[in-house]
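Only one structure is covered here, and it is reproduced in the block below.
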Protein chains: 2
Amino acid sequence: MVAERDIDDLPKNAANYTALTPLWFLERAAVVHPTRKSVVHGSLHYTWHQTYQRCRRLASALNNHSIGLGTTVSIIAPNIPALYEAHFGVPMAGAVLNTVNVRLNASTIAFLLDHSSSVVVMVDQEFFTLVEEALKIWAEKSKGHYKPPLLIVIGDESLDPNGLKYALGTGAVEYEKFLETGDPEYAWQPPADEWQSIALGYTSGTTASPKGVVLHHRGAYLMSLSGGLIWEMKEGAIYLWTLPMFHCNGWCYTWALAALCGTNICLRQVTAKAVYSAIHKYAVTHFCAAPVVLNTIVNAPPDETILPLPHVVHVMTAGAAPPPPVLFAMSQRGFKVTHTYGLSETYGPSTVCAWKPEWDSLPPVTQARLNARQGVRYIGLEGLDVLNPQTMEPVPADGKTVGEIMMRGNLVMKGYLKNPKVSVVARPDEKWGESPCAFVTLKPGVDKSDEMRVAEDIMKFCRAKMPAYWVPKSVLFGPLPKTATGKIQKHLLRAKAKELGPVKVMSKL
Amino acid sequence: MVAERDIDDLPKNAANYTALTPLWFLERAAVVHPTRKSVVHGSLHYTWHQTYQRCRRLASALNNHSIGLGTTVSIIAPNIPALYEAHFGVPMAGAVLNTVNVRLNASTIAFLLDHSSSVVVMVDQEFFTLVEEALKIWAEKSKGHYKPPLLIVIGDESLDPNGLKYALGTGAVEYEKFLETGDPEYAWQPPADEWQSIALGYTSGTTASPKGVVLHHRGAYLMSLSGGLIWEMKEGAIYLWTLPMFHCNGWCYTWALAALCGTNICLRQVTAKAVYSAIHKYAVTHFCAAPVVLNTIVNAPPDETILPLPHVVHVMTAGAAPPPPVLFAMSQRGFKVTHTYGLSETYGPSTVCAWKPEWDSLPPVTQARLNARQGVRYIGLEGLDVLNPQTMEPVPADGKTVGEIMMRGNLVMKGYLKNPKVSVVARPDEKWGESPCAFVTLKPGVDKSDEMRVAEDIMKFCRAKMPAYWVPKSVLFGPLPKTATGKIQKHLLRAKAKELGPVKVMSKL
């Protein structure tokens, strides 16, 4: 019966097998749409041909410094072209890209640079002194073992030129000068193995200290395609960078935009005005944002709001459960919100609240409530369950029973860097308060003297809408502690509630 | 420096790696949209939950007959639900699906069944006697070595019940009865290796005798995602099966429709009336068709044409270069045509004439001309070149120089079954006549006595539009010899021209 296996007796060869890597997307975009705009940042406009050349220059220049396979290049920058280019240029050199959250403090950055053994640090001029401080801490802590990384500073004409001058004075290399040392026709090679690492990102640590999430070329490729399909993105999409690219590589839309031959609109600072302006100026079709950003958009004052929108704008949100009123307000303004859920360990969002056509005819408030649910798995995530972590049995899908979300498949990270234990991917579903305590931030313009009335209203509203045991027994006012990516740090709230006790008790239950 | 390789020191495990296979799409569709219609065929309507159960039954029933890894299941059927189900049920059993062109003759089918070592033959009742004849030929040619395959007949209530009765009388098993022997909750396993073969399809042989193209799970998965993205298909697309599923697995849209949780509308026979009716009845959003089918659609008599369309209908065409006038007529009727090119060896179309936004404002005739070009590579096809086959150097992209199309990447087949020599994938770009001779088929209703006038008109038209050396020196009337998939068999035309000489010479040049 050996002959029957002829059907499988056809091995891989160079013509029919190559490692899956998102790097091909860039090469393809440069061939298919060489003159289309790839990256726009203020007055800077690049085409796909140019972006491909710049990325090859970066890869080549890194290789000239013996930076390649097995090394890590860190970058600390907001959403600027260099950060986009690093997503291709660094892995084209064979190296791994570590995108660092710009809102971290110097000592945390020092920890990350050390932990990731970074041999190059690229830094936007705005964050240069922060990184300078981090390098000092790293050197001090490492004592004799410290080997200074190659420091590349990225200038920006819209910022104070003295900042760049200062950086260059310390011996940092300017990014544009560094690119000039590279070959724009550099013959990069795809990874020999698609399991090779492409990116490293540290979790913001809602539950513990930062962990280095390692992603591979295969997963980045698959997530790029999945993310495009899930969101029904069209070829040539115009994507606004409100979500930081340093956050799970911009949920892989960095690479996906090249797959779609779309256009990246950069944004150094996210304000409602900047978002509305970009939508009108560049005909933005898509952006991603944490619910807190949606909140900013819908509550922007009239002089920062430009409505009506010129067309439906697609918004993907994730990171925390978006409140239905915010979803409702977004839809009233012409945004179509797709609600997803995920984590750094799954290349960003990997479950989606799949909109059902039968919802189209429901009242908008009901639609918003349904759209707040966390949904089903992406294509590419082959397993998703909510299990009891003791018994590993599925919990009833009754909207009440708490379980742990378990994910399995090709959109799951390689593991944590230098931390092989932690590798099973599971994350507790956060348990909402047993003795409820509401935390409230007043909108700008609401007087502090209104707190008592607001608290009364909240209690009244809750009593009308919720089972008794859900109604908060206390209301605390003040800013909500959040992680750099906008997730509310509930453990800090819990600590605060415990520590201070109820400030204004409304126990009329 | 060993420590620096920590970044790659994270091996695959069961949580983060699974073989890429389109089979997951079906499981996901059943979870995400269990009650959505999956497959519609006349009065038969299945949901994704039902389709998943039926496919698991098929896999289970096959396994019960010891049919699994390394075996081939052949199916001869038009676009009916069983053919769709076989695309999942057969590989779920671990076996390879061989979809056979229903327009082949008995002796060719006998050759394919023998060459593919088919252990099961599934056949639609309409084609039962054809297969019966093929099995007879196979048995005769194999002499003592013939081992009859398991014969499964698929009944259809819309056909003569005597046909099914006859088949059952010969000892064939009825498909629905066979499914009943399988477990609807069967715990299928993905392939251990994504390189495992999923499908086999014989090329129709425009240039030589049929060759068995072997495709793998990885490629089928990637092509499904690429095909969805390239065509901007939305989740829940309503897809009409005009293109035979037996032709390169319906260009992988069989599997892609499960990825999109869409709806498959089956069609036993493709007529203009059936296409227009289905568009209106089921709100069809997409269909694929060879240019000859587009021709039928645009030239249908008024009583078979239902216009205006209820919405834009997306049409993908490939197989032969579509004539610009047909593209123009399609766009005038509200169809949006995407022109692709490919071959069985690349899972179907793998290059696309990428529409450029700047074409939107051009006159429709110019748009049609531009859209007739063969385009750029799909995502997933990592290499595409037109080379001089002697020197292997790229030929100038001047629209004149002839070269060979060379393709490389993850959308290229494993190879040809039992024919390892052939494995480099290249196909000559067909050379259009050096001493031009036009072959013309008159539309139905045009009188034969009009041939002379038509020939005159063609010459006049060509002289006005083309360089002199392109204008045909002779015109031949008669049906065009085509392969079963609608490609014009130019080698037969060349032979005919040589043999008969010009019938009506119009040499006024």
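Letters go in sequence order (proteins before strands), and every chain restarts at 1. Note that these values count all heavy atoms, side chains included, but never hydrogens, waters or copies made by symmetry.
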- Message: Taking side chain as everything from C-beta outward and backbone as N, CA, C, O, which of these in B/P11 sits under 4.5 Å from a heavy atom of chain A? Side chain, backbone, both or neither.
- Response: backbone

- Task: State the NZ-CD1 distance between A/K414 and B/I7, to the nearest 0.5 angstrom.
- Result: 7.5 Å

- Query: Are A/D385 and A/R408 within salt-bridge range, i.e. N to O under 4.0 Å?
  - Reply: no

- Message: Counting heavy-atom pairs closer than 4.5 Å to chain B, which one of A/W355, A/W195, A/Y17 comes out on top?
- Response: A/W195

- Message: Taking side chain as everything from C-beta outward and backbone as N, CA, C, O, which of these in B/L200 sits under 4.5 Å from a heavy atom of chain A? Side chain, backbone, both or neither.
- Response: side chain

- Pick from B/E358, B/E27, B/R218 with the largest number of heavy-atom pairs that fall under 4.5 Å of chain A: B/R218

- Who pairs with B/Y221 by ring-ring contact (aromatic ring centres under 6.0 Å, His included), at least two apart in sequence or on another chain? B/F25

- Bottom line for B/V32: the part with an atom under 4.5 Å from chain A's heavy atoms is both

- Query: With only heavy atoms counted, which part of B/A259 is less than 4.5 Å from chain A, the side chain, the backbone, both or neither?
  - Reply: both

- Message: With chain A as the partner, which of B/E235, B/R377, B/K234 has the greatest number of non-hydrogen pairs under 4.5 Å?
- Response: B/R377

- Message: Under a plain distance cut-off of 3.5 Å, with no hydrogens placed, do B/H115 and B/Y202 share a side-chain donor-acceptor pair?
- Response: yes

- Can you measure from CD1 (B/I198) to CG (B/L215) and round to the nearest 0.5 angstrom? 8.5 Å

- chain A heavy atoms under 4.5 Å from B/I230: which part of the residue, side chain, backbone, both or neither? side chain

- Message: Using a 3.5 Å distance criterion without hydrogens, assess whether the side chain of B/S224 forms a donor-acceptor pair with backbone atoms of B/A220.
- Response: yes

- Gap between atom NE2 of B/H217 and atom CD of B/E194 - 0.5 Å precision: 10.0 Å

- Message: Looking only at heavy atoms and a cut-off of under 4.5 Å, which of B/L260, B/L384, B/V376, B/L229 has the most pairs with chain A?
- Response: B/L229

- Item | Side chain / backbone / both / neither for A/L381 at chain B, heavy atoms under 4.5 Å | neither

